[in-house]
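Within every chain, numbering begins at 1; the chains are lettered A, B, ... in the order of the sequence lines, protein sequences first and strands thereafter. Note that the structure is predicted; figures quoted are calculated from it, not measured. Only this structure's heavy atoms are used, side chains among them; waters, hydrogens and symmetry mates stay out.
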Amino acid sequence: MNGVSTFFRVTGGIVSLFVETIYWCKSFWSNADKIMAQLLVIGYQTLPVGALIALFSGGVLALQAGPTLAQFGVEENVGGLVGLSLVKEIGPVMAAILVAGRVGSAMAAELASMSVYEEIDALKTMDINPVRFLVMPRFIATVLALPTLVIYMDVIGWFGGAIVSYINPEVHVTFSVYYRNLADLVDFTAFVNGLIKAAIFGVIISIVSCYVGLKTKGGPREIGTSVTKAVVLSFVLVLVFDYYVTRILLFLNLD
Amino acid sequence: MVEKPAARSNGAGKEILDYLSSEPVGVSIKDLRKSFGDNQVLRGVDLDIEPRETVVILGKSGTGKSVLLRHIIGLEEPDSGTIEIGGEDIHEPDFKKHHIIGMVFQSSALFNSFSVEDNVALYLREHKIFDDDRRTLEIVRSALGIVGLEEKEDVMPSMLSGGMKRRVAVARALVMNPDLILFDEPTSGLDPMMTRTVGDLLRDLNDRVEITQIVVTHDVDLAFYVADRIAILSNGKIIEFGTPEHIKRCENAAVKEFITPQFEQ
């Protein structure tokens with residue numbers, strides 16, 4: 001019974017924070033500097049690692065799929081396979097996991113620390129709404145940054161796949177063949193599909209991380225517990241929502 | 001009331017003194033009760049504080065002093081009872097339009113990613129009190145002057161001592177132009193020298209700004225140093241309330257037990 005009530009309390013809290021954050025998005029322009037600062041932090045924390053992950057993810061996709069395709073004599077399709085896999089599924093999920101691990105954890109830690117050290121209470125006493133001041137800029141920055149990061153990781157991942165497809169003697173597909181096939185198969189709809197998923201993952205990660213951070217009570221030890229909680233909950237929700245969003249996109253003929 | 005010796009004044013802070021225009025308010029607490037689960041923390045607190053008064057709420061750790069303060073500023077909802085500030089219930093929808101309450105937290109609650117100047121300027125900037133940021137900075141520097149931290153505006157909070165952080169928090173509360181300032185354990189964790197400095201600051205504010213102050217502490221020396229009146233909180237109730245002289249002469253056993261060792265030393 002305790003678990004059930006906790007589930008409903010947390011779900012209600014997350015939904016309520018989401019609705020309040022959407023309400024405060026009306027203050028977008030007056031908080032543009034805070035949003036830009038968050039975007040810079042997200043970029044700084046994710047771009048180098050994202051490039052590395054994407055390069056090797058594209059490479060491993062080509063390494064796994066290339067020889068199998070070659071067995072059937074259709075190795076020139078490796079570009080499309082890598083391209084579509086990255087754009088529709090691997091790019092958004094990898095980017096979400098990266099952002100949850102690096103950015104979401106930092107958000108949860110920062111807000112948890114602010115809760116524990118009475119900074120959130122200090123904001124309230126100054127009649128500054130913590131959702132407007134702290135959550136909304138992080139929410140908007142994450143929702144904008146994640147699709148951008150996906151595009152960036154897709155492009156690097158394609159390149160990783162192209163390198164491996166070319167240098168692997170079992171596949172040996174030239175760059176021009178690889179990219180021509182990729183351009184034939186990856187259409188605008190597939191691209192939009194990935195970006196929609198990324199934006200939804202951005203909503204999940206920012207709201208969950210901020211919720212867990214703001215609800216932290218106790219001492220410094222609870223800050224670490226909150227970070228773990230935020231990252232695990234974000235991972236789980238990203239993967240669960242990935243399935244349902246894919247179902248909806250398939251239903252809407254966007255997949 | 002007991003006549004207190006004159007506080008030290010550094011003569012700084014003309015701009016902030018000219019800027020402070022709030023009318024000090026009285027506070028009236030009636031039968032305030034609050035429980036957390038089975039733990040009954042406040043068991044019917046009654047307290048009347050006059051405008052411009054410095055009232056110290058004194059009590060042992062865990063008697064509900066900070067919880068009482070959090071109720072006065074609206075961070076906690078009472079189970080029952082009322083709190084009126086300036087004659088207006090704090091839960092009235094328009095209360096915050098009429099009254100501003102500043103609070104200095106036990107942990108100072110400064111934002112570590114902001115400089116001292118940005119911490120103090122936060123309220124003024126977020127509420128767009130001045131169109132011109134130069135005026136904001138003028139007030140901020142003046143407030144830092146009044147707490148003796150003129151040269152620290154560019155320093156990050158992590159570089160400050162506990163006492164300095166507490167003083168920045170006082171400056172941050174002052175620039176809000178409050179009707180009332182609350183202090184939660186202002187000397188907790190500070191060495192005796194710094195405790196004295198914070199005590200001087202509280203008295204200096206009382207003399208120069210004439211603002212209503214409520215100080216929560218378990219530091220008996222500080223209480224007698226800064227208070228116009230002292231309220232003794234025990235087991236969630238005010239058991240004695242009066243001037244420092246009255247409290248010293250009080251025959252209540254619980255009060256004597258709490259304050260007597262301080263005077264025997």
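Ranked by heavy-atom pairs under 4.5 Å with chain A, the list B:Lys128, B:Met103, B:Arg172, B:Gln106 is led by B:Arg172. Of the residues considered (B:Gly74, B:Ala109, B:Gly102), B:Ala109 shows the highest number of contacts with chain A, using heavy-atom pairs under 4.5 Å.
Of the atoms belonging to B:Leu110, it is backbone heavy atoms, and not side-chain ones, that fall under 4.5 Å from chain A. At a 4.5 Å heavy-atom cutoff, the contact between B:Leu75 and chain A is made by side-chain atoms alone.
With a 6.0 Å radius and a threshold of 12 heavy atoms from other residues, nucleotides or ligands, A:Tyr152 has its OH atom above the threshold.
Between A:Lys34 and B:Glu126, at least one side-chain N (NZ, or NE/NH1/NH2) sits under 4.0 Å from a carboxylate O, which counts as a salt bridge. Salt bridge absent: B:Arg135 and B:Asp132 never bring a charged side-chain N and a carboxylate O closer than 4.0 Å. Salt-bridge annotation for B:Glu117 and B:Lys152: absent, with no side-chain N of the basic residue lying under 4.0 Å from a carboxylate O of the acidic one. Ion pairing between a basic and an acidic side chain is recognised when a charged N comes within 4.0 Å of a carboxylate O; B:Arg70 and B:Glu77 show no such pairing.
Side chain of A:Asn31 to main chain of A:Ser27: a donor-acceptor pair is present (N/O by atom type, distance under 3.5 Å, no hydrogens or angles).
Annotation: cation-pi geometry satisfied between B:Lys34 and B:Phe36 (NZ/CZ under 6.0 angstrom from ring centroid, within 45° of ring axis).
For residues 115-149 of chain A, a heavy-atom distance under 4.5 Å to chain B picks out A:Tyr117, A:Glu118, A:Glu119, A:Asp121, A:Ala122, A:Leu123, A:Lys124, A:Thr125, A:Met126, A:Asp127, A:Ile128, A:Arg132, A:Phe133, given by residue number.
The side chain to side chain contact (heavy atoms under 4.5 Å, CB included) test with B:Pro186 singles out one residue from B:Leu222, B:Val104, B:Asp219, and that residue is B:Leu222.
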